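Just so you know, these numbers come straight off a predicted model, no measurement behind them.
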Amino acid sequence: MPRTSRSAGTTGTTTRRRLPAVAALAAAALVAGATAPAYAAEPAPVAPVVEGRAAFHPDRDFAGSTVAAHEGRSGTAPLAALAATQTPGLDVSSYQGNVNWSGAAANGARFAYVKATEGTGYVNPYFAQQYNGSYNAGLIRGAYHFALPNSSSGATQANYLVDHGGGWSADGRTLPPALDIEYNPYGATCYGLSQSAMVSWIRSFSDTVHARTGRYPTIYTTVNWWSQCTGDNGGFGATNPLWLARYGSTVGTLPNGWGYQTIWQYSDSGTFPGDQDLFNGAADRLRALALG
């Protein structure tokens with residue numbers, strides 16, 4: 001699938017579809033680019049894909065790569081005014097290649113999450129350019145892991161993330177590591193795990209990241225996936241920041257246990273390369289999150 005089907009890393013803007021600007025943003029109007037690749041047209045494999053086999057496609061798995069196909073987009077209605085000042089940012093993966101970080105910063109981006117790993121057999125080949133490049137451009141950045149809960153334990157995958165770029169330091173410029181837990185791009189929505197087993201897997205990942213870094217990971221998910229695959233478990237809101245994916249004009253309902261979202265991924269294309277995000281607060285609160 002050609003990279004041009006998503007927002008390219010070397011260009012700040014494309015012009016196919018437009019989203020009105022958020023009133024609270026200092027950035028200019030949000031201009032949407034090409035849509036994300038859809039998994040809906042891909043037949044599900046008969047058995048779970050094993051990492052490293054021909055059907056394994058980690059370069060096409062990223063935060064939100066399955067969301068639009070399962071939950072759609074609600075159109076181009078204006079983003080609703082939120083109670084707090086919102087700080088704009090983005091998230092990227094190998095799909096964007098080398099990102100023009102100075103351009104993203106000039107267009108108003110203040111933070112970025114970068115895919116580091118998937119399962120226990122994949123490291124983003126562009127991770128250094130994206131993770132270090134965002135930092136050098138003045139953004140606050142963090143690393144995230146695309147979960148494959150049917151492949152290995154939560155603890156094993158957490159260690160893999162931390163060992164391959166997903167650490168944390170109290171420099172005020174590094175976000176806590178993040179867990180991307182969403183629809184399975186290879187088969188059964190909940191990866192063949194029961195709701196209780198999925199909660200245990202997430203808890204193992206979270207506790208291991210905390211033990212290794214001193215920070216609980218941010219959890220990226222959707223309301224529908226969380227309800228279906230964890231039984232709407234409410235046990236993570238007190239410790240783990242929420243990175244909510246919903247492609248629409250409002251944040252809407254939150255997963256059980258969270259009173260507010262820390263980050264909202266509101267579109268899979270726009271002004272910045274990759275996906276478009278809003279931190280739920282002003283820049284000083286974003287730095288406070290980074291500091292821990």
Side-chain angles (χ1 to χ4, degrees), residues 6-7 9 36 58-59 61-67 86-101 104-105 107-118 122-124 126-147 157-158 161-162 164-169 171-182 205-206 209 213 215-222 240-247 261-281 283 285-292:
R6 287 191 90 226
S7 300
D59 286 321
D61 303 333
F62 48 84
S65 56
T66 66
V67 172
Q86 304 294 295
T87 303
L90 66 153
D91 60 271
V92 296
S93 67
S94 65
Y95 207 93
Q96 281 68 51
N98 291 320
V99 173
N100 178 2
W101 288 110
N107 284 332
R110 297 294 175 260
F111 71 94
Y113 262 116
V114 176
K115 180 179 178 180
T117 52
E118 179 171 337
Y122 173 80
V123 176
N124 174 6
Y126 294 94
F127 181 75
Q129 192 277 342
Q130 295 174 348
Y131 192 72
N132 297 332
S134 55
Y135 181 94
N136 292 335
L139 278 66
I140 296 174
R141 51 49 163 147
Y144 78 84
H145 175 79
F146 192 97
Q157 293 190 34
L161 168 64
V162 176
H164 294 86
W168 176 77
S169 58
D171 57 3
R173 299 282 304 280
T174 305
L175 295 168
L179 170 65
D180 175 3
I181 188 84
E182 59 179 277
F205 185 99
S206 178
V209 168
T213 70
R215 299 297 302 273
Y216 285 102
T218 299
I219 293 178
Y220 171 97
T221 195
T222 77
N240 301 76
L242 173 64
W243 181 5
L244 179 71
R246 177 177 283 114
Y247 302 156
Q261 82 287 354
T262 296
I263 298 172
W264 174 23
Q265 186 191 73
Y266 65 89
S267 181
D268 53 4
S269 59
T271 298
F272 309 128
D275 303 306
Q276 315 297 293
D277 299 285
L278 294 173
F279 172 78
N280 192 20
R285 303 316 305 157
L286 177 64
R287 289 189 293 272
L289 174 64
L291 281 170

Can you list everything that forms a side chain to side chain contact (heavy atoms under 4.5 Å, CB included) with P241? Sequence neighbours excluded, please.
T218, T262, L289

Looking at S93 and N124, what are the two nearest heavy atoms and their distance?
C-ND2, 3.9 Å

Once you round to the nearest 0.5 Å, how far does CG of N107 lie from OG1 of T271?
6.5 Å

Check side chain to side chain contact (heavy atoms under 4.5 Å, CB included) between Y135 and all other residues, then give those that pass, not counting sequence neighbours.
R141, D171, R173

Under 3.5 Å, is there a donor-acceptor pair between the side chain of Q265 and the main chain of D275?
no

Taking D91's backbone N and O only, do any of them form a donor-acceptor pair with D277's side chain (distance below 3.5 Å, no angle check)?
yes

Rounded at 0.5 Å granularity, tell me how far OH in Y266 sits from CD in Q261.
13.0 Å

Between T221 and I181, is there a donor-acceptor pair closer than 3.5 Å when you use the side chain of the first and the backbone of the second?
yes

Backbone N or O of A290 within a donor-acceptor pair of the W168 side chain at under 3.5 Å?
yes

For Y220, check ring-ring contact (aromatic ring centres under 6.0 Å, His included) against everything at least two apart and list the hits.
W243

Heavy-atom check, side chain of S206 versus side chain of P217, under 4.5 Å:
yes

Specify the closest pair of heavy atoms between T87 and A283, including all atoms of both residues, with the distance to one decimal.
OG1-N, 3.4 Å

Atom pair CG/CD1 of L278 and I263 - distance to nearest 0.5 Å:
10.0 Å

Taking all heavy atoms of R215 and all of P176, pick out the closest pair and write down the distance.
NH2-CG, 3.8 Å

Start with the C-alpha distance between V99 and Q129, add both sets of side-chain angles, then the distance that settles side-chain contact (heavy atoms from CB on, under 4.5 Å), and finish with yes or no.
CA-CA 8 Å; V99 173; Q129 192 277 342; 4.1 Å; yes

Looking at A245 and V67, what are the two nearest heavy atoms and their distance?
CB-CG2, 4.2 Å

Just verifying a value: how many Å separate R287 CZ and F111 CZ, rounded to the nearest 0.5 Å?
13.5 Å

Rounded distance [0.5 Å steps], CD1 in I219 versus CG in L244
12.0 Å

D61 backbone acceptor or donor facing K115 side chain under 3.5 Å
yes

Under the side chain to side chain contact (heavy atoms under 4.5 Å, CB included) test against W101, which residue among L139, N132, N136 passes?
L139

Can you name the nearest heavy-atom pair linking Y131 to G142, along with the distance?
CE1-C, 3.7 Å

Just do the side-chain contact (heavy atoms from CB on, under 4.5 Å) check on D59 and Y122 with the steps written out, would you?
CA-CA 9 Å; D59 286 321; Y122 173 80; 2.5 Å; yes

Chi angles and distances behind the side-chain contact (heavy atoms from CB on, under 4.5 Å) call for Q96, Y126
CA-CA 9 Å; Q96 281 68 51; Y126 294 94; over 6 Å; no

So, for A116 and A143, which heavy atoms are closest and what is the spacing to 0.1 Å?
CB-CB, 4.0 Å

Would you confirm whether Q130, through its side chain, and F127, through its main-chain N or O, come within 3.5 Å as a donor-acceptor pair?
no

Just checking H145 against F205, ring centres under 6.0 Å apart?
yes

Treating W264 as the side-chain partner and N280 as the backbone partner, does any N or O pair qualify as donor plus acceptor under 3.5 Å?
no

Treating Y113 as the side-chain partner and A178 as the backbone partner, does any N or O pair qualify as donor plus acceptor under 3.5 Å?
no

